[in-house]
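Quick note: numbers below take in every heavy atom, side chains included, and nothing from hydrogens, waters or symmetry partners. In the text below, chain A, chain B and the rest are named by the order of the sequence lines, each starting its count at 1.
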2 protein chains.
Amino acid sequence: MKLTSRQGKILEIIIKDFINKAEPVSSRTIAKSYNLGISAATVRNEMSDLEEMGYLEQPHTSAGRTPTQKGYRFYVDQLMPIKSLTQKERNYINTGYQQALDEIDNIVQQTAKIISHIIPYTSMVSHPHMKTNKYIHGHLVSLDGFRVLLVLITELGTIEKKILEFPFGIKEEKLDEISVLLNKYFKGMSLEEIERYLISILDQEIVEQQAAIIMQNIMKGIEENSFCTEKIYLGGTSNILDIPEFKDREKVKKIIRFLEEEHLMACLLDREQTNKVIISIGSENESLPIQDCSLVTATYHLNGQLIGKIGVLGPTRMEYDKVVAVVDYISTNIENILKNILN
Amino acid sequence: MKLTSRQGKILEIIIKDFINKAEPVSSRTIAKSYNLGISAATVRNEMSDLEEMGYLEQPHTSAGRTPTQKGYRFYVDQLMPIKSLTQKERNYINTGYQQALDEIDNIVQQTAKIISHIIPYTSMVSHPHMKTNKYIHGHLVSLDGFRVLLVLITELGTIEKKILEFPFGIKEEKLDEISVLLNKYFKGMSLEEIERYLISILDQEIVEQQAAIIMQNIMKGIEENSFCTEKIYLGGTSNILDIPEFKDREKVKKIIRFLEEEHLMACLLDREQTNKVIISIGSENESLPIQDCSLVTATYHLNGQLIGKIGVLGPTRMEYDKVVAVVDYISTNIENILKNILN
DNA sequence: ATTAGCACTCTCTCTCGATGAGTGCTAATA
DNA sequence: TATTAGCACTCATCGAGAGAGAGTGCTAAT
């Protein structure tokens, strides 16, 4: 069931128009506004066919057509032009980053803000992932003798911490010693490397019982991923309220409630991603509360390693071309900034 | 212009009823439901007086009365009974804390969630404030030679960090030396104490230029308060959507947009507070976007020092008695938890 | 294959009247 | 003098009904 080029053209026009105006598109609009050289009646016939094929639907008999989820999918896969940002938009983004160039947290947070300023949807940006980051300093601090705080500083300037519990008290001097040891061995390693390394040294050099237990605890933390306090920053939550699709309070509530649960979003962003940018439309999303939304996610890397993600959540009637352009540009931007931080 | 006890009674009934039902209260309701032993007509006369005095108003001629802001204020100051939580509510709260007893961030975040589960408003909880916290470990780490990350670990297990910029490169060994010095002098001090102390030692023992400059930089950070990355956790943002007063999308948008700006909320919570709990109603709030909301804030302390705040934001038609009870109970709860952490 | 023309459908908006909740006032009552 | 019953009046709300308008589907002509 392939589309003729004219059908493709019409589908594209309908989708673009609907994305802009949020209102069913009529045959007349198409025939008049975009000069295809055919009459409204012809357009109507084509539209009827497109509906039969499942790309369009009608809210009611005497209304124009709106794209179906299948229609959007086809558009995104086959028809969508590759858009690039205007100079003005680029400038806006670049200026935005000039204010937040020091701390990673600020950069990530600012990214979310910037995104939701240039596109009217909600954005989410995940904090650089620690597993592949290199550690440049670690320290163990006793909180109350039995609970020890492990603090790890990465070369990006981010900090990971974890409380380790011990059945026996540990003196502070002992912890200091182990901290020194920790830094001696682990400096410059990523968690992954530390994990591998730990196994090899556990029995050899660190013979003392307490130290060994601490190390084992750290390893356990690595295994359980409990270090990865993957913080996610949101931007433009209020944008949802401007979207006509979500005029219904219940819908908005469902979405905002979803956005409140950080771990749900973490799952969302955590999906497998073969391309740099992927789009999921409507019920393609697994999470129920956002099944009438579309989600665009992009990855950002450092030294070839995936370290974070950017997500944009909006209605299925989303400006896909623009969102893709923004997300693409911004992820490259973050990559550059992070590279700069590391020189 | 004092109220008779009967007028007070009627005002109280009206406010309580309106808080529950969110609908103008009629004279008949009052005369029938709450047996005051007087007729609706008498109630009407009293209501008319109360309106004249500014405690009540009418949405339109043939509707019941609703409390004015002045009415709420009178209620809160003079009439409101002191409520305590039900056993069930206490249990809910206590259970909630059992899951999050290790890291402060989790405790604070969980607090916000708990609050907005037992009251249908938005809650905000500020992270323990660092200025009065004691530091148990500090470390300087070179990021790129010119930028140095100062990391401070408090006895509560929270971490403060700040990037210091230097016009000259500093070797890592030097930073390690200074770190040792830092801990030697500052261990167990609060930022306030460090500031005072710094001034006294700056010329004496730390004579070396680089160390002196670093110290000056730290001091500058203290002065500018730039350490105080006062994180605020939100709970129950979606609750706003259930409030009939905010049926208007524009109103909701205004409020949610406000909640998105962390620094605005920081200002909100930062207000002077002589009592443990204070209430501001409607236009008593300085921030424009929440002038049709009420805000209840409570402080929590540790060793007599104010270290954080809890806020609840809702409509002026707020269950003040319950909110006050919750906020009061929870702040005491946090205080106990923090005390426990420090033994 | 395309298109003009027309009947038909359905939503949206506006108006109108009925309904009912609630008040304010007046006059009677304790 | 305070209270109350009674009644007229007000105003929001709801539903029905009419009219307008946008858009389609179908048919017949090109």
| Nearest-angstrom distance from the residue atom CG of Asp49(A) to P of dA1(C) |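 In whole Å, dA1(C) P lies 11 Å from Asp49(A) CG.
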Between [N] and [X], counting only base atoms on the nucleotide and side-chain atoms on the residue, is there a donor-acceptor pair under 3.5 Å?
X: Thr42(B); N: dT3(D); value: no
X: Arg44(A); N: dG25(D); value: yes
X: Ser39(A); N: dT3(C); value: no

| query | Partner of dA22(D) by Watson-Crick or G-U wobble geometry, both contacts under 3.5 Å, or none? | reply |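 dT9(C) is the nucleotide pairing with dA22(D).
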| Pairing partner (Watson-Crick or G-U wobble, both distances under 3.5 angstrom) of dA29(D) |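 Partner of dA29(D): dT2(C).
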| request: Using a heavy-atom cut-off of under 4.0 Å over every strand shown, decide if Ser48(A) touches base, sugar-phosphate, or nothing. | output: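 No contact.
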| task | Using a heavy-atom cut-off of under 4.0 Å over every strand shown, decide if Val25(B) touches base, sugar-phosphate, or nothing. | result |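 Answer is sugar-phosphate: Val25(B) comes under 4.0 Å of backbone atoms only.
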| So which heavy atom on Met124(B) is nearest to which on Leu268(B), and how close? |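 Reported closest heavy-atom pair: CE-CD2, 3.7 Å.
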| message | Whether Arg257(B) and Glu260(B) form a salt bridge (side-chain N of Lys/Arg under 4.0 Å from carboxylate O of Asp/Glu) is what I want to check. | response |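 Salt bridge absent between Glu260(B) and Arg257(B).
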| message | Of the options dT23(C), dT4(D), dA4(C), whose atoms approach the side-chain atoms of Ile38(B) most closely? | response |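 Among the listed nucleotides, the one closest to the side chain of Ile38(B) is dT4(D).
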| task | Measure the CD-CG distance between Glu46(A) and Leu36(A) for me, rounded to the nearest 0.5 Å. | result |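 Those atoms lie 10.0 Å apart.
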